[in-house]
Amino acid sequence: MKFYLDSANLAAIKKYNQMGVVDGVTTNPSLVSKEAGEFEEIIVSICKEVNGPVSAEVVSTDHDGMVKEAKHLSKLAPNVVVKIPMIPEGLKATKTVSGLGIPVNMTLIFSANQGLLAAKAGASYLSPFIGRLDDIGQRGMQVIEDLVVIRQNYKLKAEILVASVRHPQHVLEAAKLGAGIATMPPDVLEKMMQHPLTDIGLKKFLDDWGRAKKEKPSLTV
Ligand code: G3P
């Protein structure tokens, strides 16, 4: 399974990228608005840092505006993926933009049918927002379960990019279902690394080593 960081924070992206666990990055207007600096500069810096795909979202809501923005964004770096919202004009724009050879990540997907339509229109990535469905009392993971089956049934090329991930359990469940990618905020990735028994175990190893060194100063690493 590929892990993307759902963040526009360059420091966080660098930190986790150095650990070799970041396959790509997704941003959205809300995430970019939290960071200092210009939108395009932020995207260019992220694209230089990460080898994999970096999603940058359009803010127009009509076909022509989205296509214009998509063409512009795709020129910022070779690994830019254009994020387009799952609205009727967005489907039309996805058909045009993907036809130009620009990869599209269709965002704000809340049902498997929307995902199926996005794939049909030519999106390379389908982004179902599972956390926001959980928030309103629906089972977000059901959309992932359905899309994984649909993708296999019809051998769809589009990858399922699990989004609006709120905790490590979301990542684990999506991995068990066979979703290709999960994009997560840095704090979720951080939590995935942590286990209290790892810290307790390491402390004991180092304490034992320290005691043994006192008794046998010849011990070296
Ligand atoms: O990037 C899109 C998505 O992951 C947003 O997540 O937590 O704002 O619902 P969230």
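We count ligands from 1, going down the list as the structure has it; atoms in each ligand are counted the same way.
Protein heavy atom at the shortest distance from atom 2 (C) of ligand 1 is F129 CZ, 3.2 Å. D6 OD1, 2.8 Å is the protein heavy atom nearest to atom 1 (O) of ligand 1. Here the heavy atom of the protein found nearest to atom 7 (O) of ligand 1 is R166 NE, 3.1 Å. Summary of contacts: the protein heavy atom closest to atom 8 (O) of ligand 1 is R132 NH2, 2.8 Å. Nearest protein heavy-atom contact of atom 6 (O) of ligand 1 is S164 CA, 3.3 Å.
By the 4.0 Å N-to-carboxylate-O rule, D207 lies close enough to K203 to be salt-bridged with it. Ionic pairing of D208 and K204 is present here: one or more N-O contacts between side-chain nitrogen and carboxylate oxygen are shorter than 4.0 angstrom. One finds a salt bridge joining K92 and E89 here, because a Lys/Arg side-chain nitrogen approaches an Asp/Glu carboxylate oxygen to under 4.0 Å. A salt bridge does not link D64 with K68: every distance from a Lys NZ or Arg NE/NH1/NH2 to an Asp or Glu carboxylate oxygen is 4.0 Å or more.
Assignment of M184 to the shell around ligand 1 is not supported, since no heavy atom sits closer than 4.0 Å. Using 4.0 Å as the threshold, E57 has no heavy atom nearer than that to any atom of ligand 1.
If you number the atoms of ligand 1 from 1 as listed, the ones under 4.0 Å from a heavy atom of K83 come out as 1 (O), 2 (C). Each of the atoms 1 (O), 2 (C), 5 (C) of ligand 1 lies under 4.0 Å from some heavy atom of N28.
Listed for the N79 side chain is no donor-acceptor partner under 3.5 Å among the backbone atoms of V54.
Summarising the geometry, atom CD1 belonging to I84 is positioned 9.0 Å from atom CD belonging to E69; distances are rounded to the nearest 0.5 Å.
Looking at N105, T183, T107 one by one, the single match for side-chain hydrogen bond (donor to acceptor under 3.5 Å, both in side chains) with S55 turns out to be N105.
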